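For this chain, numbers begin at 1 and follow the sequence in order. Nothing here was measured: the structure is a model prediction, and the numbers come from that model.
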Amino acid sequence: MKIYTKTGDTGTTALFGGTRVPKHHIRIESYGTVDELNSYLGLIRDQEIDAHYKDLLIHIQDRLFTLGAILATDPEKAILKSGKERLNIPKISSSDIERLEQEMDTMNEVLPPMTHFVLPGGHQTVSFCHIARCVCRRAERLTTALNDMEAIDPNTLMYLNRLSDYLFVLARKLTYDLQANEIKWIPEKQ
C-alpha cells in the first residue's frame with residue numbers, strides 16, 4: 001500500500017464516508033489537533049516516568065484515536081444503509097472520563113494544595129506535559145466550535161476537557177516525582 005494517494009493535492013481531503021472537504025475545514029482542524037496531542041503524549045510516554053503513567057498514556061492515546069475517528073466521520077454518513085454505525089469501535093464513554101477523574105484524585109492525594117497558578121517548566125518532562133495540555137485545550141476549542149456547527153457526542157467534549165485537567169495534574173505530579181521546582185506565579189507588584 002502506498003502512503004501517497006495524491007487525492008489531496010488540490011487542498012481537499014476525505015472524511016470517513018467519502019465526503020470531501022477543504023483541508024482547513026474545522027472538522028479537519030479538530031481531529032488534526034487531536035492527532036498533534038496524541039504525538040505529544042507519545043513524547044511524554046518516552047520519558048523516564050513511572051510505568052503506570054506510561055500504561056495510562058497508551059490507553060489515552062487509544063482513546064484519542066477513537067476520538068479522532070469520531071471527528072473524522074461525516075455525521076450524515078455515520079450510519080450505513082444497513083442501519084449499522086460506520087465506526088464499529090467502542091466510543092468515548094463516561095467510564096473513560098471517570099478513569100481520568102480517578103487518576104487525578106489519586107495524584108492529588110500526595111500533592112501539596114495549589115495556592116497559586118504555577119509557571120510551566122521545572123523539568124523537560126513537565127514542560128512536555130504543559131505543552132500537551134495547551135494542545136489539548138486547543139483541540140477542545142476547535143471541537144466546541146465544530147459542535148456549534150454540527151452536534152458532537154457530549155462525551156467527546158467532556159473527555160477533551162477532562163484530559164487537559166489530567167495533563168495539568170500529571171505535570172504537577174511529575175514535578176513532585178522528579179523533585180523539580182514548582183514555581184508559583186506571584187504577580188509583580190506595581
Side-chain angles (χ1 to χ4, degrees), residues 30-73 85 87 89-148 151-180 182-185:
S30 297
Y31 75 72
T33 305
V34 168
D35 187 39
E36 180 183 353
L37 170 60
N38 209 334
S39 296
Y40 275 110
L41 295 185
L43 183 62
I44 297 167
R45 191 170 43 82
D46 288 342
Q47 305 303 301
E48 293 297 321
I49 60 175
D50 186 273
H52 175 75
Y53 302 131
K54 289 183 181 210
D55 291 342
L56 184 59
L57 287 170
I58 288 171
H59 175 75
I60 293 168
Q61 287 183 293
D62 170 82
R63 301 288 67 219
L64 288 178
F65 262 92
T66 294
L67 200 148
I70 292 166
L71 293 174
T73 302
E85 289 186 26
L87 291 179
I89 56 175
K91 305 300 184 290
I92 302 297
S93 67
S94 58
S95 64
D96 292 320
I97 296 162
E98 290 165 7
R99 183 170 183 186
L100 292 175
E101 292 170 348
Q102 291 166 355
E103 290 291 332
M104 285 186 279
D105 291 344
T106 299
M107 289 187 287
N108 271 323
E109 288 176 6
V110 298
L111 294 174
M114 277 195 59
T115 56
H116 294 81
F117 287 108
V118 295
L119 299 178
H123 189 282
Q124 183 174 357
T125 303
V126 173
S127 294
F128 291 151
C129 285
H130 283 292
I131 292 168
R133 173 185 55 81
C134 292
V135 173
C136 188
R137 285 286 186 212
R138 180 165 26 99
E140 182 184 11
R141 289 189 303 270
L142 289 165
T143 303
T144 57
L146 175 61
N147 186 59
D148 287 348
I152 302 292
D153 177 21
N155 281 342
T156 298
L157 296 173
M158 284 190 283
Y159 190 80
L160 286 171
N161 185 39
R162 212 66 86 249
L163 180 55
S164 62
D165 294 337
Y166 169 80
L167 291 168
F168 177 76
V169 176
L170 180 62
R172 290 198 72 220
K173 180 64 166 69
L174 291 175
T175 297
Y176 177 85
D177 292 351
L178 297 165
Q179 299 177 356
E182 184 173 77
I183 301 173
K184 296 175 183 175
W185 177 62

Rounded to the nearest 0.5 Å, what separates atom [atom1] in [X] from atom [atom2] in [Y]?
X	Y	atom1	atom2	answer
Ile97	Ile92	CD1	CD1	8.0 Å
Leu71	Thr143	CG	OG1	5.0 Å
Gln124	Leu43	CD	CG	7.5 Å
Cys129	Leu57	SG	CG	7.5 Å
Phe168	Cys134	CZ	SG	11.0 Å
Asn147	Thr156	CG	OG1	9.5 Å

Using side chain to side chain contact (heavy atoms under 4.5 Å, CB included) as the criterion, list what pairs up with Thr175, not counting sequence neighbours.
->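 Thr175: side chain to side chain contact (heavy atoms under 4.5 Å, CB included) contacts with Val126, Ala180, Glu182.
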Counterpart residues, side chain to side chain contact (heavy atoms under 4.5 Å, CB included), relative to Thr144 (two or more places apart) |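 If we apply the side chain to side chain contact (heavy atoms under 4.5 Å, CB included) test to Thr144, skipping adjacent residues, the hits are Glu140, Leu157.
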Do [X] and [Y] come close enough that some side-chain heavy atom pair is under 4.5 Å?
X	Y	result
Leu100	Asp165	no
Leu37	Arg138	no
Lys91	Asn155	no
Leu170	Tyr166	yes
Val34	Phe65	no
Tyr31	Thr73	no
Arg99	Leu56	yes

Apply the side-chain contact (heavy atoms from CB on, under 4.5 Å) test between Leu41 and each candidate in Asp46, Leu64, Ile58; give the one that qualifies.
-> Leu64
Inspect the contact between Lys54 and Asp50 and indicate whether a charged nitrogen and a carboxylate oxygen are less than 4.0 angstrom apart.
-> no
If you measure from the Lys or Arg side-chain nitrogens to the Asp or Glu carboxylate oxygens, is any gap between Glu98 and Arg162 under 4.0 Å?
->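 Here Glu98 does not pair with Arg162 in a salt bridge, since their nearest N and O are not under 4.0 Å apart.
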Taking only residues two or more places apart in sequence, or in another chain, which ones meet Ser164 in a side-chain hydrogen bond (donor to acceptor under 3.5 Å, both in side chains)?
-> Arg137
How are the rings of Phe117 and Trp185 set relative to one another: parallel (under 30°), tilted (30 to 60°) or perpendicular (over 60°)?
->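 Because their plane-to-plane angle lies in the 30° to 60° range, the rings of Phe117 and Trp185 count as tilted.
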Hey, is the main chain of Asn38 close enough, under 3.5 Å, to the side chain of Gln61 for a donor-acceptor pair?
-> yes
Could you tell me whether the side chain of Arg172 and the main chain of Pro112 form a donor-acceptor pair under 3.5 Å?
->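 Yes, the answer is positive, given that a donor and an acceptor are paired below the 3.5 Å cut-off.
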Does one side chain, of His52 or Glu103, offer a donor that lies under 3.5 Å from an acceptor on the other?
->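 Yes, side-chain donor-acceptor contact under 3.5 Å.
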